[in-house]
Amino acid sequence: YAQFDDVTIHVEWMEVEILEKGLGQAVLLTWVTVKWGGETGYIVGNAKTPNRVVFTLAKEGKQWRVVKTEGVEPVEGLWL
């Protein structure tokens with residue numbers, strides 16, 4: 001991300017579910033745009049076809065931590 005001028009994460013929909021004591025899951029429909037060299041483009045999903053991302057969560061003390069991520073599929077060459 002150091003080479004991008006700006007990164008924006010768009011979340012169309014999100015659901016968080018507590019599966020059992022100390023475990024949870026967050027499901028998002030999302031896309032990510034970046035600005036680079038004066039242009040804007042998609043790097044994950046897009047506005048017409050958001051990417052489905054699933055985060056597996058574990059409770060540690062009073063906080064939740066992401067322990068697994070599924071569904072992040074980078075897109076190459078899709079500039080706005």
Side-chain angles (χ1 to χ4, degrees):
Y1 291 105
Q3 61 185 314
F4 298 126
D5 299 323
D6 185 39
V7 177
T8 304
I9 300 171
H10 307 267
V11 177
E12 180 176 302
W13 175 85
M14 179 174 63
E15 178 179 274
V16 178
E17 179 181 9
I18 305 304
L19 302 174
E20 56 187 69
K21 187 176 180 179
L23 291 177
Q25 184 177 47
V27 180
L28 293 84
L29 292 181
T30 186
W31 67 94
V32 180
T33 57
V34 295
K35 290 184 181 175
W36 180 48
E39 296 188 49
T40 301
Y42 297 104
I43 60 169
V44 174
N46 62 60
K48 290 182 181 180
T49 311
N51 202 65
R52 182 177 184 271
V53 178
V54 179
F55 296 109
T56 301
L57 310 168
K59 189 162 188 179
E60 295 182 349
K62 295 182 180 182
Q63 299 183 354
W64 289 89
R65 181 172 69 93
V66 175
V67 294
K68 184 177 179 184
T69 302
E70 299 174 72
V72 177
E73 300 172 14
V75 175
E76 293 185 27
L78 290 181
W79 293 97
L80 299 174

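Treat the numbers as computed from the prediction; the structure is a model and nothing was measured.
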How far apart are the closest heavy atoms of [X] and [Y], and which atoms are they?
X   : Y   : answer
V72 : N51 : CA-ND2, 3.7 Å
W31 : N46 : CB-N, 3.5 Å
G38 : D5  : N-OD2, 4.2 Å
P50 : A47 : CD-O, 4.1 Å
V16 : A26 : CG2-CB, 4.1 Å

Next on the checklist: Students often mix this up, so state it plainly: with edges at 30° and 60°, are the rings of F4 and W36 parallel, tilted or perpendicular?
Outcome noted: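 Taking W36 first and then F4, their aromatic rings stand perpendicular (interplane angle over 60°).
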
Checklist entry - Residues in side chain to side chain donor-acceptor pair (under 3.5 Å) with R52, at least two apart? => result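 Once residues adjacent in sequence are excluded, R52 has no partner under the side chain to side chain donor-acceptor pair (under 3.5 Å) criterion.
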
Item to check | Rounded distance [0.5 Å steps], CG in L57 versus CD1 in I18 | outcome: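 Going from CG on L57 over to CD1 on I18, the span is 7.0 Å.
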
Checklist entry - Other than W13, what residues sit in its cluster of Ile, Leu, Val, Met, Phe, Trp and Tyr side chains whose heavy atoms are under 4.5 Å apart, directly or through others? => result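 Other cluster members: V27, L29, V54.
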
Checklist entry - Got a sec, which hydrophobics cluster with V67, joining ILVMFWY side chains under 4.5 Å apart, including via others? => result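 Once heavy-atom contacts under 4.5 Å are chained together, V67 still belongs with nothing else.
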
Item to check | same_hphob_cluster(L23, L28) at 4.5 Å side-chain heavy-atom cutoff | outcome: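 L23 does not cluster with L28.
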
Item to check | Contact check, side chains of Y42 and T49, non-hydrogen atoms, under 4.5 Å | outcome: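 Result no, sub-4.5 Å side-chain heavy-atom pair not found.
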
Item to check | All pairs passing side-chain hydrogen bond (donor to acceptor under 3.5 Å, both in side chains) where residues 16-25 contributes a residue, at least two apart | outcome: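 Counting only pairs at least two positions apart or across chains, no side-chain hydrogen bond (donor to acceptor under 3.5 Å, both in side chains) contact touches residues 16-25.
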
Checklist entry - By side-chain contact (heavy atoms from CB on, under 4.5 Å), which residues pair with K68, not counting sequence neighbours? => result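 Result, side-chain contact (heavy atoms from CB on, under 4.5 Å) vs K68: T56, E70.
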
Next on the checklist: E60: which residues meet the salt bridge (Lys or Arg N to Asp or Glu O under 4.0 Å) condition with it, sequence neighbours left out?
Outcome noted: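 Result, salt bridge (Lys or Arg N to Asp or Glu O under 4.0 Å) vs E60: R65.
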
